[in-house]
Every structure is written in C-alpha cells, then in structure tokens.
Amino acid sequence: MKNYIQEKLSNIVENFKKDSLLDKDANVRIMVENTKDKAHGDFATNIAMLLAKGMKRKPIEIAELIVNSLSTDDKISKIEIAGPGFINFFVNSDFLSNAINELVTDPKLGVKSNKKLETVVVDYSSPNVAKEMAVHHIRSTVIGDAVVRTLEFLGNKVIRANHIGDWGTQFGMLIAFLEKQEKEQHNDFDLSDLEAFYREAKVCYDNDEVFAEKARNYVVKLQSGDEYCRTMWKKLVQITMTQNQDIYNRLNITLTDKDIMGESLYNSMLAPLIEDLKQKNLAVKDDGAMVVYLDSFKDKDGNPRGAIVQKRDGGFLYTTTDVACVKYRCEKLGAQRIIYFADSRQHEHLLMSWDIAKLAGYVPDGVSLEHASFGMMLGKDGKPFKTRSGGTVKLKDLLNEAVARATTLLSEKSSDLTPKEKENVIQAVAMGAVKYADLSKNRTTDYIFDWDNMLTFEGNTSPYLQYAYSRIQAIFRKTDAKVGKVKLVEEAEKNLAQHIVKFNETVNQVAEKSMPHLLCAYLYQLAVLFMKFYEACPINKDGVELEIRESRLALCQVTANVLKTGLSLLGINVMERM
Ligand code: ARG
C-alpha cells in the first residue's frame with residue numbers, strides 16, 4: 001500500500017517537473033508514513049513541505065495541487081489535507097478486507113521477495129575447535145539462523161557456512177594433549193569443559209619441553225597430511241562439533257554437520273593463492289614476509305597499510321584464509337551475496353580480506369559482501385557478561401538455567417496439560433526466551449542480558465507472543481463456527497488488518513538488512529493489536545451475528561498464521577496449548 005501511494009506521488013512529482021513547476025534535477029525523497037492515529041487516515045506524507053522550497057509556493061498550495069491530481073480508487077477511499085500541508089490517505093476497507101481474505105489460505109501470507117532471488121552464503125556461528133562457544137558465537141548463531149530462515153522463506157538459495165576455527169599451530173599441541181589423555185586412559189574425557197582441555201594443553205606445552213617438541217612436530221606432520229595426525233585432528237573436531245550440535249539442536253538452529261566449512265577447507269588453496277597474488281604484483285616481500293599494501297587503509301603516517309598474508313616462516317594467517325574463502329565462495333559456490341555474522345571486532349580484518357580479494361579479481365561485479373556485526377552481551381552491571389566469579393558463562397549452563405526459570409514461571413499458571421505437553425511447553429518457552437532476547441534488540445548495539453526481562457508474559461518477549469498464539473487457538477476450541485469472509489467494520493479490526501498486510505514488507509526488510517529485530521517489533525505490535533481487537537470485538541459471546549463471528553474468526557486465523565510463521569522465521573516454536 002505504501003509503495004502504491006509512493007508510486008502515485010512520484011508520478012505527480014514527475015509531472016511537476018514536466019510542467020516546469022519544479023527543477024527537473026530536483027531530488028525529492030518521497031516519504032509515506034503509517035499514521036499513529038487512524039482518525040487522521042492510514043498513511044500520511046509530508047511531500048508538500050519538501051517541495052515548498054523548490055516550487056517557491058506554500059506547502060498548503062502544493063498539497064492542494066497534489067490532492068487535485070489524485071483520485072480515489074478501489075484502494076484509497078479518501079484523501080485529506082491536514083495542518084500546514086500534510087496529506088492523509090484513508091485506505092478503502094473493502095480493499096483491505098479482500099487482502100486479508102486472500103491471506104487466509106495463503107501459506108506464504110503474502111510474502112514475496114521484492115528483489116531478484118539470489119544465491120546467498122551466510123557465514124555464521126563459526127565456533128573454534130576445543131573451545132567452548134563464547135557469547136559472541138551465541139549471537140552469531142541465533143541471529144544468523146533467523147536471517148537464513150528468512151532468506152529461504154523468500155525463495156533465495158542459501159548456503160550455510162559454519163566457518164569453524166579448525167586449523168592453526170595450536171593443533172599440534174591439542175593433538176599431543178589428546179594423545180596423552182588417551183594413553184592415560186581418559187577415554188571418556190569429559191569434554192563438557194573444552195575450555196579446560198585447551199588450557200591444560202597449553203600448560204603442558206609451556207612447561208614440558210618433550211611435550212612441546214612433539215607438539216611442534218605434529219603441526220608440521222598435520223600440515224603435510226600425516227595420517228595419524230589427521231585422525232587425531234578429526235577426533236578433536238568431532239568432539240567439539242558433537243557438543244556444539246547438541247546446543248544447535250536445543251536452540252532449534254538449522255545448522256548440521258554438512259554446513260561445516262572450517263578454516264581447514266582452505267588450507268590447500270593458500271600456497272597457490274600467494275603465488276597468484278605475487279604474479280598480480282599485489283603481494284610483495286617485506287622483511288621476509290609477504291604483504292599486500294592497501295590504499296583504502298592508512299597507517300598513522302598516512303601511507304597504505306600492509307596486510308601480512310604469509311609470515312617469514314612460511315606460515316599463513318587468518319587473513320590469508322579469509323581471502324581464499326571469499327574466492328571459493330564466489331567461484332565455487334556462485335555466491336551473489338555473502339553475509340558474515342561476526343563480532344564487531346572482526347570488522348577491519350574482514351574489510352582487509354575482501355579488499356585483497358577484490359584487488360585480485362576474485363569477486364565478480366555485483367557480488368555484495370556484508371559484515372552483519374553485533375555489539376556485546378552485557379551483564380546487568382553493564383560490563384561484559386560473566387559468571388558471578390568472573391568466568392565466561394557456558395552456553396550449556398545458560399540454557400539449563402533458562403529451563404529452570406521457565407519451569408518456575410509456568411508452575412504459576414494453572415493448566416490441564418499432560419506432563420509431556422508441559423515439558424514441551426517449558427522447553428519452547430525457555431529456548432524462545434533466550435533467543436528472542438537476543439533477536440529483538442538491534443544487533444549493532446550492546447545489550448543487557450537480564451533474565452527478568454526475557455522470561456515474562458509481559459512486554460516484547462517470546463513468552464508473550466507464544467501465549468498470544470495459544471490464546472487464539474483456545475478461541476477456536478471454544479466454537480463450532482468456521483472461518484468466514486472478512487468484512488472489516490470496527491476500528492480495532494481495521495488497525496489489526498492494516499498491520500497484518502505489512503508482514504511482506506517486514507520480512508523483506510529483515511532479509512535486506514540482516515536485522516531480525518524488525519520482525520520481532522512487527523510481531524509484538526501484531527500481538528498488541530490483536531489483544532486490542534479481542535477486547536473490543538467479541539467473538540464467541542452470545543448475540544454476535546454469525547457473519548460477524550466468522551469474519552472475526554478469519555482475522556484470528558490470519559493473525560495466528562502470521563505469528564506462527566513469523567516466530568518460525570526466528571526459530572521459535574509455538575504451542576496449541578500452554
Ligand atoms: N571463528 C571466528 C571466531 O571465533 C569467527 C569466524 C568468522 N568468519 C570468518 N569467515 N572469519 O571469532
């Protein structure tokens with residue numbers, strides 16, 4: 001609808017230019033906004049104010065000119081001028097009723113990509129081997145997965161890339177440590193604490209010369225493809241990823257083993273890559289190392305900054321891997337868009353890697369490289385999120401605590417659910433709450449992790465939305481009436497319908513900006529408007545005419561479908577009963 005009005009206005013502006021009322025090079029940003037108070041129409045624009053200067057007329061006169069050249073039609077029932085020159089549009093409620101009717105049976109709920117469909121590689125989660133997933137990995141995992149689901153729902157081809165940290169010199173040390181553990185019969189090594197595993201290996205490395213020697217030797221062997229070392233290395237990766245997969249499953253994340261494309265994948269491509277960069281005169285020798293100088297990055301003296309791509313000892317770096325990785329994604333995977341869900345601290349590293357890849361001609365024109373970065377997760381004290389004793393919070397513990405808290409929250413609600421159903425509700429509420437807390441904030445800002453704000457049935461939370469869904473299902477259980485044809489009459493019905501039809505626009509925005517919080521805000525507003533409608537417009541009460549009841553049930557149905565689909569794009573489940 002917004003686009004529709006925008007288009008009409010844009011035609012009028014073009015005509016003004018043709019009639020020389022406005023300079024033909026004038027750049028006018030036509031904005032159509034949703035109004036807050038529906039008594040003043042459904043949409044409004046301030047275009048008359050924007051044109052006043054260029055047309056050397058009063059806004060009110062321009063508004064009159066515009067309104068005179070607009071006509072009402074099947075979509076717009078009334079156009080009004082307000083105040084100094086605002087133009088208000090009233091949507092034809094028959095048109096809106098029909099639009100909702102169409103959604104009742106549409107599994108896509110009116111969602112269609114407004115961009116050409118693409119092959120999108122999404123780099124997300126990307127934890128490191130033999131380390132516990134840290135907080136920034138949770139953010140990447142949860143937000144990345146929501147964007148992946150959204151892009152797929154729109155019809156794009158999405159390739160999930162779990163760029164795990166599974167390569168580097170630390171693997172010599174880890175292999176030697178694993179070997180030691182196995183020899184000492186710790187076959188059931190409790191790797192629930194991978195962090196400790198890594199730390200202990202490091203202690204051995206620093207204090208035991210024999211161990212250190214072996215570790216260094218294993219690095220060389222691993223890199224030359226030695227079978228024993230590769231087997232041990234694979235074990236480490238497997239132990240780590242089995243654990244992480246548990247977390248993915250609990251959190252309802254769509255990643256599987258098949259999506260692992262770790263740093264090791266690019267190892268064999270690094271030497272030829274350096275050769276190529278040399279040939280193209282991009283990589284030059286500097287103090288024994290190979291360096292690419294980048295004009296787009298300046299050092300403190302204003303000279304191009306160098307990015308090392310190969311160390312003096314021949315070793316490669318994190319940057320080298322990421323250059324090869326971009327090349328691979330463009331050439332082998334056919335990516336047209338690549339989105340990296342990574343900590344904001346990686347920004348410069350990514351920009352440098354992409355720059356090198358672009359200079360080398362690995363990135364075809366039109367391929368979009370995007371860093372979807374995010375801020376930190378903070379504790380209530382505003383400092384980085386830590387345990388009481390100052391340690392890193394383990395994701396597993398965090399999820400367990402969410403379950404415990406959800407159990408308490410739900411025990412306050414009386415219900416006639418079976419124990420099994422109850423368990424299911426607890427899990428869905430707990431995981432939904434943790435994910436939604438992260439998803440509902442603009443990802444670029446730091447956010448405060450606060451149990452009390454996320455596990456509540458009030459406000460912009462997952463439990464509130466899940467509850468709204470279950471509540472609609474209860475309405476259906478209490479009636480024999482069927483979903484009928486929508487006819488919007490009451491203000492509350494129209495407000496709800498107006499909002500429902502914005503689902504398409506919202507989903508498209510999430511995909512375009514990689515920002516799921518826009519969908520959260522949309523869904524929350526949907527639930528709020530539904531509750532208002534439900535209070536104002538009785539459904540199952542005696543005396544409600546059948547036709548009206550059926551129309552309202554249709555609104556219930558569409559609202560429930562949008563809630564369910566919207567939450568599923570966030571990876572959050574709903575329940576028929578709570
Ligand atoms: N493994 C990295 C980390 O733990 C994140 C990887 C991000 N992706 C990339 N292509 N560099 O911080």
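Atoms within a ligand are numbered from 1 in the order they appear, just like the ligands themselves.
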Ring centers of Y218, F171 separated by less than 6.0 Å: no
Side chains of Y293 and N303: donor-acceptor distance under 3.5 Å anywhere? no
The residue among K234, K235, M241 that forms side chain to side chain contact (heavy atoms under 4.5 Å, CB included) with V237 is M241
Show your reasoning for whether ring-ring contact (aromatic ring centres under 6.0 Å, His included) applies to H163 and Y124. CA-CA 7 Å; H163 191 87; Y124 74 114; over 10 Å; no
At a heavy-atom distance under 4.0 Å, which protein residues reach ligand 1? Sort them by chain and number, would you? D123, S126, N128, H136, H137, H163, Y318, D322, Y340, Q346
For N400, side-chain hydrogen bond (donor to acceptor under 3.5 Å, both in side chains) partners two or more places apart: R250
If you measure only the distance, is there a donor-acceptor pair under 3.5 Å linking the side chains of Y447 and N442? no
